[in-house]
Amino acid sequence: MKYIILALCLLSVVLARTRVTSPFAHPKIDVEKIKALHTDIVEDTVDMKIDHFNANGQSDTYPMRYLVNAKHYQKGGPIFFYAGNEGNVYTFYNNTGFMVNTLAEEYKALVVFAEHRYFGESLPFGDKSFETENLKYLNVEQTMTDYVEFIRGFRKESGLDQTPVIVFGGSYGGMLASWLRMKFPETFQGAIASSAPIIYFKDAVPEDGFYNVIQDVFTHNHPECSENIKKVAELIVSFKNQPEKIRYLQSMYNTCQAIETADDVDKITGFLYNAWIYMAMTNYPYPTEFLAPMPGNPVDVSCEPFDLTASKPKITSLLKKDSLFSDDELVLLQAAADSVQVFYNYTGELACNDLSGSETPNLDAFGWDILACNEMAMPMGTDGKDNMFLPESFSYEAHTKQCEERFGITPQFDFALTFFGGRNPTFDFATTSNIVFANGNIDPWNAGSITIPVSKDTVTINIENSAHHLELRDPNPLDPQSVVDARNVEREQITKWLAQFREIVESS
Ligand SMILES: *[C@@H]1O[C@H](CO)[C@@H](O)[C@H](O)[C@H]1NC(C)=O
Ligand SMILES: *[C@@H]1O[C@H](CO)[C@@H](O)[C@H](O)[C@H]1NC(C)=O
C-alpha cells in the first residue's frame with residue numbers, strides 16, 4: 001500500500017501545477033513526467049459530466065477517478081484502457097496482470113484504468129449518491145460516455161492523439177469493453193472482452209444456464225459434492241416451521257444476526273449458495289484475493305468437507321448435546337459450514353458472518369444492485385431439477401416490484417439487446433470487428449456470453465478449464481495450457497489491430 005500512497009502524493013504535485021479549473025477540463029497529462037516518477041501507478045481524477053445527455057448540454061460534474069501506469073510505456077506505444085466495472089478501480093487493477101504487466105511490457109503500452117461512476121471513490125453526488133433521486137445517472141450509456149469523453153480528453157491532453165486504444169474488461173467490464181468497441185470504433189481500436197455475458201438477457205438464453213455450469217463445476221472432481229449441497233439446502237429449508245431448529249442455525253453458521261424466522265432461513269441458504277456460486281466463478285488454480293482471499297481450486301477445497309466418508313466433520317459440542325438433529329443431519333450441516341469458510345473466512349479473521357453485508361467483500365454490491373434494477377436486469381432462475389440449487393424461478397413481475405420498492409427504479413429488460421444487439425448474435429454482430437470474446441468453459445457466465453463465432457473480424461475463444469476471466473490475470477505456472485494459448489490469440493489480435501490502425505492513420 002505504501003508505494004501507492006507515495007505515488008499519489010507525487011502525482012498531485014506534478015498535476016497540481018497544470019490543473020485547468022474550467023469545468024469538463026481534462027487535467028494535463030505529462031506521460032514523461034509520470035514515467036520519471038519511477039512508480040508503478042499514479043492516481044488522479046477528471047471532472048466528468050454527471051449527465052451527458054441533458055438536452056441543453058448543461059450538467060454538473062463529478063470527479064471520476066483513474067489510474068495511469070507508465071512503467072513500460074515508450075513513445076509510440078499504444079494505450080491499454082481498462083473499462084472499470086462494479087467496484088473500486090484498484091480491485092480490477094490488481095487482478096488484471098496480463099494486461100497491466102505482461103502485455104504492457106510487450107507492447108510498451110501506457111496502462112490506464114477508469115473507475116466506474118457510483119463505485120469506489122467516483123461518486124457523482126458524494127455521500128448522497130445513493131439517494132433515490134440521484135440514481136438515474138447510474139446506467140450503461142452514461143458510463144460508456146464517461147469512458148469515451150475520458151479517452152478523448154486523455155489523448156488530447158497527453159499529446160497522444162494518434163495513439164491507438166485497446167479496451168480491456170472482464171465480466172461486466174468485458175461487456176462494457178465489447179459494447180465500447182461496437183459503438184465507438186473511432187475511440188477504441190479493439191476490445192478484449194473476457195467472460196462478458198452480453199446476451200444474458202430476456203428471451204436470449206436459457207435462464208438456468210448459469211446454474212447448470214455451476215452444477216458441472218461442483219460435480220466434476222467430487223461427484224458427491226453437489227448432491228450433498230442439495231441435501232443440506234433442502235434440510236435447512238425443512239426447518240422453516242420449527243423455530244427451535246431455526247435457532248440453532250445462528251450458532252452453526254456463526255451469524256452476527258439472530259436467526260429466528262422463516263425469512264432468516266432463506267438468508268442462510270442464500271448465504272451458503274452465495275459462497276458456492278462465487279467459488280465456482282473464481283475457481284482459479286492458485287490462491288487469489290479477487291472477490292475474497294481464497295486457496296487455489298477453491299471448489300475442490302470447499303467440496304472436501306462434503307466427502308463425508310473420508311473426513312467426518314467435527315461436530316461442535318454445543319450441537320452434539322442436543323437431540324433435535326440426527327447425527328447425519330448434524331454432519332451435513334457442519335459440512336456446509338466448513339465448506340463456505342473457504343470463501344468467507346479463509347484468513348480465519350472473521351468474527352461472525354454478517355448476513356446484512358455485501359455478498360463479496362471486494363465488490364460494491366449496492367451499485368450493482370441498482371444496475372441490475374435498470375439496464376443490467378438479467379433473468380436468472382432455475383427449477384432446480386438438474387442442479388444443486390433450490391428451485392427459484394425468475395419472475396419479471398417480482399423483480400420489477402422489488403426494484404421499484406427498493407430504488408424507485410423500473411427494470412428495462414429489453415434495453416441491452418435493443419441498444420447493442422444480441423437476440424440473434426450471428427446476424428446482429430455480423431459486421432462487428434476487432435473484439436476477442438474470451439470465455440472460460442468452467443465459468444458460469446459463459447452461459448450468457450458469445451461462445452460461437454459471430455463475424456469474420458471478431459474472434460471467439462472458449463478456454464478449457466478456465467474460470468471467470470482467468471486469462472486476464474498475471475500468468476502463473478499453474479495456468480492450464482489452454483489459458484496460455486488463449487493469451488496468444490489475444491496477442492495476435494492486438495498486434496493485428498495496432499497494425500491496422502497504423503495503416504488507417506497513414507492513409508487518412
Ligand atoms: C491492490 O494491491 C495493493 C498492493 O498489493 C494493495 O495494497 C491494495 O489493498 C489492493 N487494493 C485492492 C482494492 O484490492
Ligand atoms: C473464522 O476462522 C477462525 C479460525 O478458524 C474461527 O476462529 C472463526 O470462528 C471463524 N469465523 C467464522 C465467522 O466462522
Side-chain angles (χ1 to χ4, degrees), residues 1-9 39-43 65-69 71 82 84-101 111 113-116 119-123 170-171 173 248-259 267-268 270-272 274-276 278-279 282 284 286-295 298 301-302 304-305 311 313-319 333-365 367-368 468-469 472-474 476:
M1 196 62 207
K2 238 190 210 148
Y3 77 94
I4 292 180
I5 292 170
L6 181 68
L8 305 191
C9 302
T39 170
D40 279 6
I41 181 169
V42 287
E43 174 190 308
R65 181 161 70 158
Y66 68 94
L67 311 177
V68 178
N69 175 336
K71 186 174 170 196
Y82 188 95
N85 35 316
E86 72 279 28
N88 178 323
V89 67
Y90 283 99
T91 299
F92 307 109
Y93 182 89
N94 284 1
N95 288 282
T96 316
F98 177 55
M99 166 199 175
V100 171
N101 304 316
V111 171
F113 275 62
E115 187 164 73
H116 195 297
F119 292 95
E121 293 181 3
S122 298
L123 301 174
S171 196
Y248 277 97
L249 295 174
Q250 181 179 352
S251 43
M252 175 58 88
Y253 295 108
N254 212 337
T255 61
C256 309
Q257 293 84 5
I259 299 299
K267 280 190 197 149
I268 292 286
F271 158 78
L272 296 172
N274 180 61
W276 293 318
Y278 282 113
M279 283 191 277
T282 53
Y284 300 131
Y286 48 86
T288 56
E289 300 198 356
F290 177 38
L291 301 178
M294 268 185 281
V301 181
S302 76
E304 276 163 21
S311 58
K314 277 196 259 83
I315 301 166
T316 57
S317 50
L318 170 76
L319 291 165
L333 292 168
Q334 183 69 47
D338 294 347
S339 174
V340 302
Q341 288 275 324
V342 177
F343 179 69
Y344 290 114
N345 190 24
Y346 186 55
T347 59
E349 284 164 8
L350 199 66
C352 59
N353 287 301
D354 185 356
L355 301 193
S356 70
S358 166
E359 296 175 335
T360 54
N362 291 349
L363 294 180
D364 308 344
W368 177 257
H468 205 42
H469 49 70
L472 286 187
R473 305 181 60 80
D474 266 318
N476 185 291

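Just so it is clear, the structure is predicted and the values come from calculations on it, not from any experiment. For ligands, and for the atoms within them, numbers begin at 1 and follow the listed sequence.
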Taking N or O atoms only and a 3.5 Å limit, does Asn94 qualify as a polar contact for ligand 1?
yes

Which ligand 1 atoms does Thr91 reach within 4.0 Å, using its non-hydrogen atoms?
13 (C)

How close does the nearest protein non-hydrogen atom get to [atom], and which residue and atom is it?
atom: atom 11 (N) of ligand 2; result: Leu350 O, 2.6 Å
atom: atom 3 (C) of ligand 2; result: Gly348 O, 3.4 Å
atom: atom 14 (O) of ligand 2; result: Gln341 NE2, 2.7 Å

Locate the shortest heavy-atom distance separating Tyr344 from Phe271; write the atom from each residue and the value.
OH-O, 2.6 Å

Heavy-atom distance from atom 9 (O) of ligand 2 to the protein below 4.0 Å?
yes

Assess the side chains of Asn476 and Tyr284: does a donor N or O sit below 3.5 Å from an acceptor N or O?
no

Heavy-atom check, side chain of Glu43 versus side chain of Tyr93, under 4.5 Å:
no

So Tyr253 and Ile259, do their side chains get closer than 4.5 Å, heavy atoms only?
no

Which atoms of ligand 2 have any heavy atom of Cys352 under 4.0 Å away?
13 (C)

Check for a donor-acceptor pair, side chain of Glu121 on one end and backbone N or O of Arg65 on the other, with a separation under 3.5 Å.
no

Below 30° counts as parallel, above 60° as perpendicular, anything between as tilted: where do the rings of Tyr278 and Phe343 land?
parallel

If you compare Asn254, Asp354, Asn345 by their heavy atoms, the one closest to atom 6 (C) of ligand 2 turns out to be Asn345

